[in-house]
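Everything below concerns the one structure shown next.
Heavy-atom basis, side chains included; hydrogens, waters and symmetry copies ignored. Counting starts at 1 for both ligands and their atoms, following the listed order.
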Amino acid sequence: MKETILIKVGEIALKGLNRRSFEDVLIKNIKRRVNCITPCEVKIAQSTIAVTPYKDNVDFDEIEECISKIFGIATYSRACIAEKNMESILSCAKEYLAETLNEINSFKVESKRSDKKFPLTSPEISREVGGFLAEEFPHLIVDVHNPDLVVTVEVRDYAAFIRGAAKKGAGGIPVGTGGNAVILISGGIDSPVAAWTMAKRGLSLTAVHFASPPYTSERAEDKVVRLLKKVSEYSGRMQMYTVPFTKIQEQIKDNCPEELFTIIMRRFMMQISERIAREKNCGALITGESLGQVASQTIGAIGCTDEACRLPVFRPLIGMDKEEIIEISRKIDTFDISIEPFEDCCTVFTPKHPRTKPVLKYVVEAQNKLPVDELIDEAVKNVKVTEISF
Ligand code: ATP
Ligand code: MG
């Protein structure tokens, strides 16, 4: 019996004339991912994508897990491929679903016939398959309102498919359809979630991480790499730019008012990230900030940070509580890495009393006492690039 995975696209079904280009990107993303596991045929017909391994005896659980992390997919389900005649459909249904049907008490059959030349109508197919399964599995009752399992039969142009319940996909739109953006990534809980959230909206990511050795360690950087690897299971591969930040932080510490230290540091982060973003053809910056979470994330502080750069800054977590952010970080499996105790450059030289209502004019004045352009040039010149892949 040949098995396949049937995929229904999500929001891209609403894209009108652009739909084809969204579908093409999605198919490319699916191919790239599943082919890392086993070579598969990926084809689309009537807005359903079928992923079929060329070889037999492959690990479908692994393929399913991979598919569950691809954005642009509303639902997916394993299905058995039958020939387009009732005899084949009935025997496949019996064999393919036997294990599940033996474990449940009630079922119903739903059918879809996109090949209108098939001799039976959808209700006729359902009736025949339902009657047959009820006979073959006499403990089962047909329950059209609240069945334990809905058996679906889809008769398409090139084959018939029999499947049980569909699973929820990752949603969103395919990565690569939304352009490129830079994610400012720390080792914390929030920024990996912000990265995931924006990849979900179709953005390809480039990561920028600020490191301040010897105040921050190599293990802290390795932690960020591991976080990004988790994110890349959803977002696809990306590059990580590690920016040497020690000199800038020391200059701020030695020359700027202590209460403005964090805000000036964050302006540098935005400026350097913007430089990298423009080099990499990225149209926005992404951060994991959430309003009011810390002193540098008040409305006034964010205003002072934003003023330092011209690109749009996406803050997908801005209105979320920590609990909501943690829930996503558990779901995408970054939480346990995020809570490993390594210092971030943001936690070195933190002022005792950071300004929560900084005045832009004074912040800019204080920052401009430093050789800003020179410091930025030097930092950008010395970035280290790491390839991240899932
Ligand atoms: P996170 O859990 O993401 O570390 P946080 O609540 O600790 O967030 P901050 O440390 O104030 O918040 O940082 C806010 C945002 O600034 C982060 O979400 C991230 O986007 C960016 N950021 C912080 N530290 C770094 C860093 N070392 N390198 C790159 N970006 C950083
Ligand atoms: Mg942080």
Side-chain angles (χ1 to χ4, degrees), residues 181-199 205-213 215-225 227-228 230-231 238-246 248-249 252 261-277 284-298 301-302 304-306 308-309 311 313-318 320-330 332 334-351 354-356 358 379-380 383-384 386:
V182 158
I183 169 73
L184 281 77
I185 186 99
S186 69
I189 294 168
D190 305 332
S191 44
V193 172
W196 177 86
T197 309
M198 295 318 299
L205 304 176
T206 294
V208 172
H209 174 66
F210 295 89
S212 290
Y215 305 106
T216 61
S217 64
E218 238 167 66
R219 293 183 65 194
E221 209 181 307
D222 171 65
K223 175 186 178 185
V224 177
V225 170
L227 283 171
L228 287 175
K230 287 282 181 192
V231 172
M238 68 179 106
Q239 288 185 316
M240 165 178 162
Y241 284 63
T242 305
V243 181
F245 209 43
T246 316
I248 292 178
Q249 285 196 287
I252 302 172
F261 174 82
T262 310
I263 204 79
I264 293 172
M265 178 191 76
R266 298 200 59 78
R267 285 174 61 87
F268 272 106
M269 284 186 171
M270 298 315 249
Q271 288 162 328
I272 292 169
S273 301
E274 178 170 18
R275 281 274 291 275
I276 295 170
L285 307 181
I286 305 165
T287 75
E289 289 159 301
S290 160
L291 193 64
Q293 196 185 81
V294 287
S296 61
Q297 294 172 26
T298 62
I302 287 176
C304 287
T305 314
D306 260 7
C309 88
L311 281 176
V313 181
F314 296 158
R315 296 182 170 87
L317 315 186
I318 196 72
M320 287 168 74
D321 294 345
K322 198 74 185 186
E323 276 310 310
E324 295 170 295
I325 300 168
I326 288 174
E327 201 182 313
I328 300 177
S329 80
R330 287 190 195 279
I332 64 174
T334 52
F335 182 76
D336 289 339
I337 303 174
S338 290
I339 58 172
E340 289 174 15
F342 294 111
E343 60 304 300
D344 180 57
C345 73
C346 282
T347 52
V348 293
F349 311 138
T350 36
R355 260 298 137 74
T356 52
V380 172
V383 294
K384 183 180 84 186
T386 311

| query | Looking only at distance, does P192 have an N or O less than 3.5 Å from an N or O of ligand 1? | reply | no
| task | Taking Q249 for its side chain and M265 for its backbone only, find out whether a donor-acceptor pair lies under 3.5 Å. | result | no
| query | Is the shortest N/O to N/O distance between S186 and ligand 1 below 3.5 Å? | reply | yes
| Atom indices of ligand 1, in the order listed, that fall short of 4.0 Å to a heavy atom of G188 | 1 (P), 2 (O), 4 (O)
| note | Heavy-atom closest pair (L205 atom, V231 atom, distance to 0.1 Å) is CD1-CG1, 4.3 Å
| field | Side chain, backbone, both or neither: the part of L184 lying under 4.0 Å from ligand 1 by heavy atom | value | both
| note | If we number the atoms of ligand 1 from 1 as shown, the ones under 4.0 Å from a heavy atom of C345 are 27 (N)
| Taking every non-hydrogen atom, the tightest pair across A207 and M238 | CB-SD, 4.1 Å
| request: Would you mind finding which of E289, M265, R266, K322 brings a heavy atom closest to atom 21 (C) of ligand 1? | output: R266
| request: Sort out for me which residue in F245, Y241, F268 forms a side-chain contact (heavy atoms from CB on, under 4.5 Å) with F210. | output: F245
| Would a distance-only check, ignoring hydrogens and angles, find a side-chain to backbone donor-acceptor pair under 3.5 Å from S212 to C345? | no
| query | Does any N/O atom on G288 come nearer than 3.5 Å to any N/O atom on ligand 1? | reply | yes
| note | Smallest heavy-atom separation, C309 atom then E274 atom, equals CB-OE1, 3.0 Å
| Ligand-side contact atoms (ligand 1) for residue partner I189, heavy atom cut-off under 4.0 Å | 2 (O)
| task | Mark up the atoms of ligand 1 that fall under 4.0 Å of a heavy atom belonging to T287, in ascending order. | result | 20 (O)
| request: Can you sort out which atoms of ligand 1 are near Q293, meaning under 4.0 Å from one of its heavy atoms? | output: 5 (P), 6 (O)
| query | Hey, does I185 come in under 3.5 Å of ligand 1, counting only N/O atoms on both sides? | reply | yes
| task | Mark up the atoms of ligand 1 that fall under 4.0 Å of a heavy atom belonging to M269, in ascending order. | result | 24 (N), 25 (C), 26 (C)
| query | atom 14 (C) of ligand 1: which of Q297, E221, M270, H209 has the nearest heavy atom? | reply | Q297
| query | Where does S296 meet ligand 1, judged by heavy-atom distances below 4.0 Å: at the side chain, the backbone, both, or neither? | reply | side chain
| request: Pick one of side chain, backbone, both or neither for how V208 approaches ligand 1, counting any non-hydrogen atom pair under 4.0 Å. | output: backbone
| Checking T287 side chain against L184 main chain: does a donor-acceptor pair fall under 3.5 Å? | no
| said: Ignoring hydrogens and geometry beyond distance, is a side-chain donor-acceptor pair present between T216 and E221 at under 3.5 Å? | reply: no
| task | Would you confirm whether S338, through its side chain, and G188, through its main-chain N or O, come within 3.5 Å as a donor-acceptor pair? | result | yes
| Is it true that a side-chain atom of S191 and a backbone atom of G288 form a donor plus acceptor pair closer than 3.5 Å? | no
